[in-house]
K.L.:
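Dropping the structure in here first, questions after.
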Amino acid sequence: MNHREILRASELLLAEELAATLRHRQNNHIAAVRNSAFYIRQKVTRATTLSSDDPRVGAFFELIDRELVSASNALPAQARARTVQAGKLQASMVGSLLWPLVGDARCELRILVDEPVQVPDELGLAVALRCLMANAVEALEPAGGVVTLSSQRTAGGGFLEVRNDGNGFEPEVLERAREPFFSTREGHLGVGLNVAARAIALNGGRLELQQEPGGAVARLLLAEVG
Amino acid sequence: MKVLIVDDEHALRITLAANLELAGAITVEASDGPEALRLLSTHEVDLVITDFQMPGMNGLELLRAMRARSIEIPVIMMTAFALEDQLDQAIGGGVFAVLSKPFDVDRAWRLFARAAERPAVLVVDDAPEVLSSCVESLRAVGVRAESASTAAEALERVRTGTVDVCVLDLCLRETTGDALMEGLCAIAPSLQVIAVSGYQLPAMVQKMLSRGAQTFLPKPIDPRELVRTVAFARSRRA
């Protein structure tokens, strides 16, 4: 695993997350419109002579349906060209690899627990950690502070954790943090956490965000790999 | 037919309900999982149609909560596709079928009507241990399943009209899988067949797939894979 691979995987996961978010929103809207058109068409056909008087009425209902189907297929259903490789991630290794990509002169990186954790997708989780570390560094701006990394095995698997000793999440920010395109910072897209959540979900784990005494915690929880 | 529609998207919910009512169904609506569970405790319904991705409790969690309360009503999962792999878990968790949004209401209606009848999966195998493990793994996630250990028994079960999917062993003692499949499909032309075998018999598999078998599962059968394959077979027919 090197910087180039991590950056390339980041781009792919970001593109996948954006496409998935847009597809989800768009398909929900399209489904409602398609259902409405279907209902109106049934009513028009049953209760009026509109369809038989003017063939364009029926033709246009067909057209609405066709166009909506095309629109819903505009975004690819799935983009999974990335090869996934299992491996072990450890806080010290992750730190030395990723800190040069996200670190800041005003911030200090510390390793708290440093156990190797078995992961099904090394690169995907490195991308997720990169997002979480970048968020931690940004949360400490402009004064700087301490970012802490941990990797720990547990009975059910393990977790990788990123902490920062800043002011932590405001309650309303914590509530909305997982919304795609939500950011408290100017010039930010607001999908970093979504990319991290996607990378971990694809590996059967989950992202946990917590406000703990002493700062904000983001934790990637992994189930044991069978 | 009485249907519970669960979706946090109001527009989707009311337009789907309108179409189902137009087709003659009675609908109840819930905007999230907990509300759906409350309604299920007071309403008799034949079918639950739920969105997969909802804030709080998602469709899979709702399905699990229903099964934990011994509510065995069939569940159809709607998805606008966001996290495909989580959806895969839901499919392995015992949904009747999956429906991609947006969908064709006419075709969806046929799927709903079929699900509400609670058809069974028929497992045909002359090895008793395979038979019982397949039936058990389907029942464990609330999928209705029956067993037949002979061709005559299988034909009889399909004749009752309550079977929509058949998990069929290619190598039965008294007959071959493709001959039996032909007999079963003559009785029920819309029957979905999933062929299974402990041996790779390329010619036979090819023959069955070309005659309309949905898919081939090698033995030993992975229980989750079986559940998933059944749900996919039912979804494809929609």
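This structure is a prediction, so every number in the text was calculated from the model and none was measured. Chain identifiers are assigned alphabetically (A, B, ...) following the order of the sequence lines, protein sequences preceding nucleic acid strands; residue numbering begins at 1 within each chain.
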K.L.:
Below 4.0 angstrom, N of the basic side chain to O of the carboxylate: do B:Lys219 and B:Asp169 qualify?
P.N.:
yes
K.L.:
How would you list, in number order, the residues of residues 14-24 of chain B that have a heavy atom less than 4.5 Å from chain A?
P.N.:
B:Thr15, B:Leu16, B:Ala18, B:Asn19, B:Leu22
K.L.:
Hey, is A:Glu212 close enough to A:Arg163 for a salt bridge, meaning N to O under 4.0 Å?
P.N.:
yes
K.L.:
Chain B: which of A:Asn35, A:Leu68, A:Asn27 shares the most heavy-atom pairs with it under 4.5 Å?
P.N.:
A:Asn35
K.L.:
Based on non-hydrogen pairs under 4.5 Å, which of B:His10, B:Lys101, B:Met78 is most in contact with chain A?
P.N.:
B:Lys101
K.L.:
Side chain, backbone, both or neither: which part of A:Arg46 has an atom under 4.5 Å from a heavy atom of chain B?
P.N.:
side chain
K.L.:
Are there over 12 heavy-atom neighbours, none belonging to A:Glu172, within less than 6.0 Å of that residue's CD?
P.N.:
yes
K.L.:
Before accepting this row, confirm whether a basic side-chain N of the pair B:Lys2/B:Glu44 lies closer than 4.0 Å to the acidic partner's carboxylate O.
P.N.:
no
K.L.:
Can you check whether B:Asp7's main-chain N or O pairs, donor with acceptor, with B:Arg13's side chain at less than 3.5 Å?
P.N.:
yes
K.L.:
Less than 4.0 angstrom from a charged side-chain N to a carboxylate O is my criterion; do B:Arg118 and B:Asp164 meet it?
P.N.:
no
K.L.:
Would you say the side chain of B:Leu62 lies within less than 4.5 Å of the side chain of B:Val6, judging by non-hydrogen atoms?
P.N.:
yes
